[in-house]
Undergrad: 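Below is one structure. I have some questions about it.
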Amino acid sequence: MTAHAVNRHTRSVGTTTSGHERRAVVGASAGFFIDMFDIYLPVIALAPAMAFFTPASIDPGTTAILGGLVFASTLIARPLGSVIFGWLGDKIGRKKATVAAVAGAGVATGLIAALPGYQTVGIAGVIALIVLRFIGGVFLGGEYTGAVPLAMEHSAKRNRGRNAGLIALGFPSSYVVISALTLLVLTFAPAGSPASAYSQWGWRIAFVVGAIISIGFAVVYARGVEESPAWEKTSTKRVNPFKELLAGSNRKPLAQAFLLMTGVWFSSNASIVILPPTIASTTGLTAVQTSTLMIVAFAVVTVAYPLFGMLSQRIGRRAFFVLCGVGSILAIPLFVLFASGMVKGFWAATVAVTAIALLGIPAFGAIGAYMSERFPVEIRATGYGVGYSLALIIPSFYAFYMAALAGIMPLNLTPTVLLAVGGICLIAGALWGPETKDRNLAEHTIAAERQP
C-alpha cells in the first residue's frame, strides 16, 4: 500500500491529522466571522445611513419597519440556502459547497456597496437593498452548512467542544471588528442627513470590506482545507439528503434542533440586536460610548467562547444547553435595570452589558459540535443547515413581537419576554434531545440511526 493510500485510509476512519484539523477549524471560524459580519452590516454599519434609502417625510415607525426588513431579509433567506448548499455539501462535498456559498455572498455584498439611494432612484433603492440582502442570505445559508460539519468531522472527539468554541469566536469578533470599523469611518465621514458623507459613501466601506474578505476567504479555503474524511467514505450519492432529513427517524432530531436553535436566536437577538438602542435611550451615553462598551463586552465573549465549548465537552451538551437557558432567564433582571434607567455611567453599563452577553449568548460555544453530532454523516450538512437556519425565521421578526407586546407592557421591557422565551426553548430543546458528545461522527450513519 502506498504512503498516499495509507494516509487516505487513516483519514477515512476519522483519525485526521492535527494539521488537517487545525486548518479546518480556522477555516470554519473565518467563515463564521464572515457570516456574522454580514448579519451585522445593516444593524451597525448601515443604520446611521438609512436616511440615504428612505424619503425625508417617512415616519419613524415606517423607518423602523424598513430597517427590520433589511435585517430580516437575509435571515429568512438562509433556510433556502441551507437546503440548497446543504444538499450540495452532502452530495458533492463540504468544501466545494462552502467555497461556492461564500464567494456568492461576497458578490452580493459587493453589489450592495454600489447601490444608489432614494434621491436617485426612489423607493427602488431600498427594494434593491432588501433583494440583495435576501440573495446574500441564500448564499450565506450555505457557509456554515459545509464548513462547520467539515471541521467537526476533522476534529478528534476530545477536541470537538473546544473547536466548536474556537469556531464560534468568529461571531463576537465580527461584531467587534464591524463596530470598530464603523466608528473609525464615522470619525472622518460624519452621519446625519441624506447628503452627509457617511450617508453618501461612508457606509459603503464596510460592505466593500465584507465583499473582499468573503471572496478572499473562498480562495484561501479552496487551497488550504482538506475535504472531510467522514464524508469521503459515505455512499451519499445514493440518497437524497433533504428527503432523508424529513423521513422517519430523522424528523425528531430536526424538530428538536429547531426548538433548541429557536431559543438560541431569541436569546441572542435580545442580548445583541435590541440592547444597544436600549442603552442609548436609558443611560445617557453617546453613540460612540455605546458602541465602545459593546466592543468591550464582545471582546470578553470572544475569549469566553472556547471556554464554553470546553465546558460542554466536560459536563455534556445537554447540561450545557440547560445552563444556557437558565442564563437567558437570569439576564432578565439586568435588562430591567437598563430599561428602568438605573444603570448610569460608562463602566457600570459595560459591566452590565458584558454580563448580559455572557448569560444570553453562550450557546454558540457548543452549537457547532452539537448540531454536527445530531445528524448522520450522509445528511449532516443538510441537517445542520436546515436546523440552524430554519430557526432564524421566527425570532428575526422580533421588532413586530415587541410592537405587539407594547400594548400590554412598556416597550423598553418587551425584550425581557424574548429572553424568557429563548431560555424556555433552550431548556426544553436540550432536555428533549440525547447526549451527543461521545458520538463517532464517521460511524454515525443513516443505517445506524435507524437501528432500534
Side-chain angles (χ1 to χ4, degrees), residues 30-54 63 66-67 69-71 73-74 102-121 124-137 139-140 143 170-220 272-273 276-277 280 286-296 298-299 302:
F32 202 39
F33 175 95
I34 292 168
D35 174 27
M36 301 309 291
F37 190 96
D38 180 82
I39 284 182
Y40 292 135
L41 279 173
V43 177
I44 301 172
L46 191 58
M50 275 304 293
F52 179 72
F53 287 101
T54 56
T63 300
L66 284 174
L69 287 174
V70 172
F71 174 73
S73 60
T74 189
V102 178
V107 172
T109 301
L111 289 174
I112 290 175
L115 284 177
Y118 182 82
Q119 293 181 328
T120 304
V121 296
V126 73
I127 292 174
L129 172 63
I130 293 171
V131 170
L132 284 173
R133 288 288 295 170
F134 182 90
I135 294 171
F139 281 104
L140 279 171
E143 180 274 317
F171 161 27
S173 61
S174 67
Y175 191 100
V176 170
V177 170
I178 195 171
S179 296
L181 176 61
T182 301
L183 284 176
L184 176 63
V185 174
L186 284 169
T187 61
F188 60 81
S193 69
S196 67
Y198 191 85
S199 293
Q200 288 295 314
W201 56 266
W203 65 272
R204 302 179 193 272
I205 294 175
F207 282 83
V208 170
V209 170
I212 291 172
I213 62 176
S214 295
I215 295 173
F217 166 85
V219 173
V220 173
I272 304 167
V273 182
T286 66
V288 171
Q289 288 176 314
T290 300
S291 296
T292 302
L293 74 84
M294 292 297 292
I295 290 173
V296 172
F298 279 86
T302 300

Undergrad: Is there a side-chain contact between T187 and L184, using heavy atoms and a 4.5 Å cut-off?
TA: yes
Undergrad: Can you give me the closest heavy-atom contact between G136 and T74, atom names plus distance?
TA: C-OG1, 4.3 Å
Undergrad: How far apart are the closest heavy atoms of S193 and S199, and which atoms are they?
TA: O-OG, 3.0 Å
Undergrad: Is L46 close to L129 at the side-chain level, that is, under 4.5 Å between some pair of heavy atoms?
TA: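 Side chain of L129 against side chain of L46, heavy atoms only: contact under 4.5 Å found.
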Undergrad: Angle class for the Y175/F298 ring planes (parallel below 30°, perpendicular above 60°, tilted otherwise)?
TA: parallel
Undergrad: Are the side chains of F52 and W201 in touch, meaning some heavy atoms are under 4.5 Å apart?
TA: no
Undergrad: What pair of heavy atoms forms the shortest contact from Q200 to P194, and how long is it?
TA: NE2-O, 2.6 Å
Undergrad: Can you confirm whether F53 sits close enough to L115 that some side-chain heavy atom of one is under 4.5 Å from a side-chain heavy atom of the other?
TA: yes
Undergrad: For I112, which of I135, V208, L132 qualifies under side-chain contact (heavy atoms from CB on, under 4.5 Å)?
TA: L132
Undergrad: Test: salt bridge (Lys or Arg N to Asp or Glu O under 4.0 Å). Region: residues 127-137. Which pairs qualify, not counting sequence neighbours?
TA: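 Sorted pair list: D38-R133.
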Undergrad: Which pair of heavy atoms, one from A103 and one from I215, lies closest together, and at what distance?
TA: O-CG1, 4.3 Å
Undergrad: Is any side-chain heavy atom of L186 closer than 4.5 Å to one of Y198?
TA: yes
Undergrad: With rounding to the nearest 0.5 Å, note down the distance linking OH in Y118 to CE in M50.
TA: 13.0 Å
Undergrad: Would you name the heavy atoms of S174 and M36 that are closest together and state the gap between them?
TA: OG-CB, 3.2 Å
Undergrad: I need the minimum non-hydrogen distance between L181 and A206, along with the two atoms involved.
TA: CD2-CA, 3.8 Å
